[in-house]
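What follows is a single structure, written as structure tokens, with notes after it.
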Amino acid sequence: MVRVRSLLPSLPPAERRVAQRVIDDPEGVANSTITELAQTCGTSETTVIRFCRAIGFHGYPELRLTLATEAGRAQSASGGRVIGSDISPDDSLEQIVEKVTFADARAVEETAAQLDIKMLEQVVDAVVAADRVDVYGVGASAFVAMDFQQKLHRIGRFCSAWADAHIMLTSAAVLGPTSVAIGISHTGATVETIDALEVAKSNGATTVALTNFPKSPIAEVADLILTTAARETTFRSGATASRLAQLTVVDCVFVGVAQRTYGSTRKALEATFEAVRGRTVRPDRRRR
């Protein structure tokens with residue numbers, strides 16, 4: 001399911017209809033013949049087979065078996081309850097809390113499960129070796145960029161996070177072969193982020209994309225690609241589930257860098273802790 005959602009925007013229209021059907025009703029697809037699925041989607045059996053191969057399966061039987069297995073695991077994870085991802089107008093506040101927390105937890109778990117460890121290692125290597133790191137992101141992704149910038153600064157790494165389109169471009173223009181540029185975009189189609197990453201790449205910088213869709217436009221200008229697995233739901237487009245998934249990947253990169261530079265990281269963390277330790281309210285100043 002994670003793979004289907006991530007490839008959905010890049011599929012041809014007919015295959016996209018099959019993918020959407022799989023996303024909307026995985027159990028129904030698991031219980032359908034290839035002929036029934038093709039008729040439901042208004043396409044041919046050949047298209048269904050092409051879709052199966054596009055997402056890494058040899059044929060339709062393998063897809064059905066996998067969907068049935070995943071449906072069983074999802075039911076076990078939710079304790080047998082059916083927890084929809086969308087918020088309906090009739091949901092109680094208790095149901096909203098349950099749906100939101102379940103969706104967020106799934107986003108983090110599925111992101112971790114599909115994360116390419118070898119690719120992550122290459123990103124960590126690049127950041128450790130870089131003399132400068134630029135992070136680009138707009139909208140909700142800008143907050144993730146700033147979080148990563150703050151983390152790297154705490155351990156003495158030179159990093160800048162940019163959300164303004166013009167500043168992104170001017171900063172990217174002065175990067176070089178020893179620099180790393182990271183573009184964060186859930187859709188992978190954010191023009192400002194793609195343009196900045198393209199300028200950085202043209203100047204020799206190592207470019208990294210963090211996106212939910214590995215075949216999105218941002219992947220074309222990235223040397224390395226890290227992916228999330230967030231499902232967008234009602235009232236939450238690009239704001240919570242995707243941001244938490246992005247933060248999960250960013251934390252993995254940060255901890256990887258910190259581990260590789262353990263000695264200097266410890267010293268930097270101790271120094272930065274000492275710098276702000278006195279900025280908390282003393283017990284005798286608290287209201288009684």
Using the rule given for side-chain contact (heavy atoms from CB on, under 4.5 Å), can you reason through D251 versus D147, listing the C-alpha separation, both sets of side-chain angles and the distance that settles it, and then say yes or no? CA-CA 9 Å; D251 283 350; D147 178 83; 4.2 Å; yes
For the pair S10 and L7, evaluate side-chain contact (heavy atoms from CB on, under 4.5 Å) and give the outcome as yes or no after the intermediate values. CA-CA 6 Å; S10 62; L7 295 176; 4.2 Å; yes
Show your reasoning for whether side-chain contact (heavy atoms from CB on, under 4.5 Å) applies to L210 and T228. CA-CA 7 Å; L210 174 54; T228 56; 3.9 Å; yes
Go through it in stages, so that I can follow the logic: the residues are S92 and Q95, the test is side-chain contact (heavy atoms from CB on, under 4.5 Å), and I'd like the CA-CA distance, side-chain angles, deciding distance and then a yes or no. CA-CA 5 Å; S92 66; Q95 289 173 314; 3.3 Å; yes
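To the nearest 0.5 Å, atoms OG1 (T227) and CD (Q114) are separated by 3.5 Å. One distance of note links CD of Q246 with CD1 of I184; it measures 6.0 Å at 0.5 Å rounding. Taking OG1 from T265 and CD from Q259, the interatomic distance works out to 10.0 Å, rounded to the nearest 0.5 Å. The CZ atom of R17 sits 13.0 Å away from the CZ atom of F51 when rounded to the nearest 0.5 Å. Put simply, CD1 on I55 and OG1 on T66 are 8.0 Å apart, with the number rounded to the nearest 0.5 Å. Put simply, CD on Q20 and CD1 on I23 are 5.0 Å apart, with the number rounded to the nearest 0.5 Å.
Transitive grouping of hydrophobic side chains (ILVMFWY, heavy atoms separated by less than 4.5 Å) keeps M168 and V180 in distinct clusters. In the hydrophobic clustering of ILVMFWY residues, with side-chain heavy atoms under 4.5 Å counting as a link, I182 and L169 come out apart. A continuous path of ILVMFWY side-chain contacts below 4.5 Å connects L247 to V124, so both sit in one hydrophobic cluster. By the rule that hydrophobic residues join a cluster once side-chain heavy atoms approach within less than 4.5 Å of another member, V199 and L224 end up as members of separate clusters. Hydrophobic clustering keeps I155 apart from F158 (ILVMFWY residues linked when any side-chain heavy atoms are closer than 4.5 Å, directly or through intermediates).
Within a 6.0 Å radius of NZ in K215, no more than 12 heavy atoms belonging to other residues, nucleotides or ligands are found. Environment of CD in E94: sparse, with no more than 12 heavy atoms of neighbouring residues, nucleotides or ligands closer than 6.0 Å. In the displayed structure, E27 atom CD is contacted under 6.0 Å by at most 12 heavy atoms of other residues, nucleotides or ligands.
Residues L175 and Y136 come closest through the heavy atom pair CD1-OH, 3.6 Å. T111 approaches A245 most closely through the heavy-atom pair OG1-CB, 3.4 Å. Residues S185 and S141 come closest through the heavy atom pair CA-OG, 3.9 Å. Looking at every heavy atom in both residues, A222 comes nearest to L197 through CB-CD2, 4.4 Å. Counting all heavy atoms, side chain and backbone alike, T193 lies closest to G137 at OG1-CA, 4.1 Å. Of all heavy-atom pairs spanning V22 and M1, the tightest one is O-CE, 3.6 Å.
For the pair L120/V253, a side-chain contact is recorded, criterion being any heavy-atom separation below 4.5 Å from C-beta on. Put simply, the side chain of V257 does not reach to within 4.5 Å of the side chain of K151, judged on heavy atoms.
In this structure a side-chain-to-backbone donor-acceptor pair under 3.5 Å is present from T187 to A189. Of the possible polar contacts, one joining the N212 side chain to the A230 backbone as a donor-acceptor pair under 3.5 Å is found. Of the possible polar contacts, one joining the R157 side chain to the V127 backbone as a donor-acceptor pair under 3.5 Å is found. For the pair E36 (side chain) and T33 (backbone), a donor-acceptor distance under 3.5 Å is present. For N203 (side chain) and G176 (main-chain N/O), no donor-acceptor pair under 3.5 Å exists by modelled atom type. Between the E274 side chain and the A271 main chain, no donor and acceptor come within less than 3.5 Å of each other. In this structure a side-chain-to-backbone donor-acceptor pair under 3.5 Å is present from D164 to H166. Proximity of a side-chain donor or acceptor of R64 to a complementary backbone N or O of S32 within less than 3.5 Å is detected. Although no hydrogens or angles enter the test, the distance criterion places a donor-acceptor pair under 3.5 Å between the side chain of T207 and the main chain of V221. For the pair T211 (side chain) and H186 (backbone), a donor-acceptor distance under 3.5 Å is present.
Take C52 and apply the side-chain contact (heavy atoms from CB on, under 4.5 Å) test, not counting sequence neighbours, and it matches V48, F57, Y60, L63.
Salt-bridge annotation for R106 and E109: present, with a side-chain N of the basic residue lying under 4.0 Å from a carboxylate O of the acidic one. Under 4.0 Å is where a charged nitrogen must lie from a carboxylate oxygen, and between E198 and K201 no such pair does.
Side-chain atoms of E45 and T35 include a donor-acceptor pair closer than 3.5 Å. Using modelled atom types, one finds a donor on one side chain and an acceptor on the other under 3.5 Å when comparing T47 with S44.
Pairs passing the side chain to side chain donor-acceptor pair (under 3.5 Å) check and including a residue from residues 169-184, sequence neighbours excluded, read D131-T178, R132-S171, D134-S171, W162-S171.
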